[in-house]
Amino acid sequence: MLSADLDDILEDVFERVSKSRIFKNRDVLMPDFLPNRLPHREEQIRKVASVLAQALKGYRPNNLFLYGLTGTGKTAVVKLVTKKLSEKARERGVRLKVAFVNTKRDDTPYRVLSKLLENIGFRVPPTGIATAQLYANFKRLLDKRDLLLIIVLDEIDYHVKKHGDDLLYKLTRINEELRNSKVSIIGITNDVNFTSWLDPRVKSSLSEEELVFPPYTAPQLEDILRDRAQMAFEDEALEEGVIPFCAALAARERGDARKALDLLRVAGELAEREGRNKVTTEHVKKAWEQIEKDRVIEVVRSLPLHSKLILLAIAKLTKDGTVTYTGEVYKLYKEFTSDLGIETLTLRRVSDLIGELDMLGLISTQVVSRGKRGMTRVINLESDYKSVIKGLKDDPRVAEIAGLI
DNA sequence: CTTCCACAGGAACCAGCGGACC
DNA sequence: GGTCCGCTGGTTCCTGTGGAAG
């Protein structure tokens, strides 16, 4: 590319973006932004606050269990209330600490415990200590601190499904073994049927108080978006109908507020990039598609090599819109590995990896019987073919063989 | 009605790694 | 420096199964 061209391009982009007056404060639309108000969650805030308020009197609040789909405000409500609670506690000299652990990110008992220890002020190596030892340390050090500790376990279903409810059982009974400190647990889950995974004792102890977060309706999402848009956008930057449209799309996605906010933000970014001063519903439509494509590319990119090869096999076999089966995929996958001169995973393992691709929403599978031709999975590519290939070809090893297709 | 395919998916186990403890 | 520990990412072996073919 000639440098003059480059200058022109940069000039053009900078010009457009800088003259566009769309955002006042884009950050308030980011997923980790914690607003001071949560419209349509007054009831839940009241409930959580009333349970936790016991802490201010020095009592141990009841354990609390929150259910609700993604983007229904569970985490935000808990964060908001615990933040205010911590402030109040400080004012009143109550020794209170809130430990927030996302058990999807920190998904082993070891990591949960090390997060908890970190929260009460102790660093723990990433591996090496026996979990039982770690638990003993936690108990001992916590008791020394003379604290009221509120443990928030976000996305707790991930932990329990992978590692059972052992740790949870211990934590719910830890108070019996503490002399100076006290522990309350707040569990948060997206999975409404989650309690079937729990030992009944854990279940009853954990859900001393329960609270359900219903999905937001379209009008409620509209309120949330308006509230946030006021802070995020310049006046008049949104065309009539943009917010209801975002709300309607997100309401279709099971009332997910995070999705709604993402949509609005990306639509704004698109408008900004075009150098416009107005966000239109057309931008929202494009944003919707782009979010999905970006998600696919990103997910594909971060896949391990063998999963990529399996996905490539599936993409190739379903390119003409047909479905494929585990056996066919395995055959083609084997060709790929021998082309690359790397070892081939067993069918058993590949079967699990196919299951993971399904979980990621890249493909959809269904177990069927083909009679005498046996049981297998019907597989088809759920996501955009081009985006999948784009994500795959970013990996030079995959591009090497994908080029032949 | 029975057979029998081509896998699904559970269980047990293993190797290699990074890191603490003594 | 040897021992112990947990995690990841596999393998091996296994039993289970829906329904078209015979």
Side-chain angles (χ1 to χ4, degrees), chain A residues 101-118 120-141 153 155-171 196-197 299-314 317-318 322-338 340-360 362-382 395 397-398:
Chain A
V101 185
N102 182 317
T103 66
K104 187 179 179 184
R105 211 170 326 133
D106 300 300
D107 70 337
T108 65
Y110 188 98
R111 267 184 250 167
V112 172
L113 282 167
S114 73
K115 253 276 154 36
L116 292 178
L117 274 159
E118 212 174 284
I120 57 171
F122 298 94
R123 295 284 299 164
V124 180
T127 169
I129 305 169
T131 308
Q133 185 61 45
L134 208 55
Y135 176 75
N137 287 353
F138 171 64
K139 205 165 64 187
R140 185 169 48 82
L141 294 168
L153 299 170
E155 311 207 63
I156 192 172
D157 42 320
Y158 279 88
H159 181 86
V160 172
K161 281 173 193 170
K162 244 180 137 174
H163 301 279
D165 56 4
D166 247 37
L167 178 62
L168 224 45
Y169 180 70
K170 283 190 186 133
L171 287 177
S196 64
W197 294 76
V299 170
V300 171
R301 244 182 221 152
S302 63
L303 251 27
L305 177 59
H306 287 281
S307 295
K308 281 180 179 161
L309 296 176
I310 293 163
L311 185 59
L312 178 63
I314 293 169
L317 290 165
T318 58
T322 57
V323 296
T324 186
Y325 306 93
T326 304
E328 289 183 39
V329 171
Y330 190 63
K331 247 187 265 167
L332 188 53
Y333 156 78
K334 264 204 291 209
E335 282 179 34
F336 292 159
T337 54
S338 73
L340 285 173
I342 58 177
E343 84 290 15
T344 310
L345 300 181
T346 55
L347 177 61
R348 179 70 189 82
R349 180 67 185 139
V350 168
S351 175
D352 277 349
L353 293 179
I354 290 174
E356 282 173 26
L357 293 176
D358 188 5
M359 294 275 281
L360 290 169
L362 294 170
I363 61 173
S364 69
T365 72
Q366 201 188 350
V367 179
V368 296
S369 171
R370 290 186 297 168
K372 249 202 152 76
R373 301 176 60 204
M375 294 281 277
T376 187
R377 273 168 159 138
V378 186
I379 302 167
N380 58 52
L381 193 63
E382 196 64 22
D395 189 323
R397 297 164 297 183
V398 180

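Residue numbering restarts at 1 for every chain, and letters A, B, ... go by the order of the sequence lines.
We find that CD of Gln133(A) is positioned 13 Å from C1' of dC22(B), with the value rounded to whole Å. For the pair Asp352(A) CG and dA11(B) P, the interatomic distance rounds to 13 Å; values are reported in whole Å. The interatomic distance linking Ile342(A) (CD1) with dG10(C) (C1') rounds to 14 Å, in whole Å. What separates NZ of Lys331(A) from P of dC7(B) is a distance of 8 Å, to the nearest Å. Between Arg111(A) atom CZ and dG18(B) atom P the separation is 15 Å, expressed in whole Å. Going from atom NE2 of His306(A) over to atom C1' of dT11(C) covers 13 Å, rounded to whole Å. Between the CG atom of Leu113(A) and the P atom of dC5(C) there is a distance of 17 Å, rounded to whole Å. Regarding Leu347(A), its CG atom lies at a distance of 14 Å from the C1' atom of dC13(C), rounded to whole Å.
Counting non-hydrogen atoms of neighbouring residues, nucleotides and ligands closer than 6.0 angstrom, the CD atom of Glu356(A) exceeds 12 such neighbours. Within a 6.0 Å radius of CZ in Arg370(A), other residues, nucleotides and ligands contribute more than 12 heavy atoms. A 6.0 Å sphere centred on NZ of Lys334(A) holds no more than 12 heavy atoms belonging to other residues, nucleotides or ligands.
For dG9(B), the OP1/OP2 oxygens have no side-chain nitrogen or oxygen of Ser351(A) closer than 4.0 Å. Within the 4.0 Å cut-off from OP1 or OP2 of dT11(C), at least one side-chain nitrogen or oxygen of Thr346(A) is found.
Note that CG of Leu303(A) and CG of Leu357(A) are 5.5 Å apart. Values are rounded to the nearest 0.5 Å.
When the nucleotides dT17(C), dT11(C), dC7(C) are ranked by their closest atom to the side chain of Met375(A), dT17(C) comes out on top. Side-chain proximity of Arg348(A) to dC7(B), dC7(C), dC13(C): nearest is dC13(C). Of the candidate nucleotides dC7(C), dA21(C), dC7(B), dC7(B) has the atom lying nearest to any side-chain atom of Thr326(A). Here the nucleotide nearest the side chain of Leu345(A), chosen from dT11(C), dT17(C), dA20(C), is dT11(C).
The shortest heavy-atom contact between His306(A) and Tyr333(A) is ND1-OH, 2.8 Å.
Side-chain atoms of Arg349(A) and base atoms of dG9(C) include no donor and acceptor less than 3.5 Å apart.
Along DNA chain B, the nucleotide closest to Arg377(A) and the one closest to Ser369(A) are compared, and the more 5′ of them pairs with Ser369(A).
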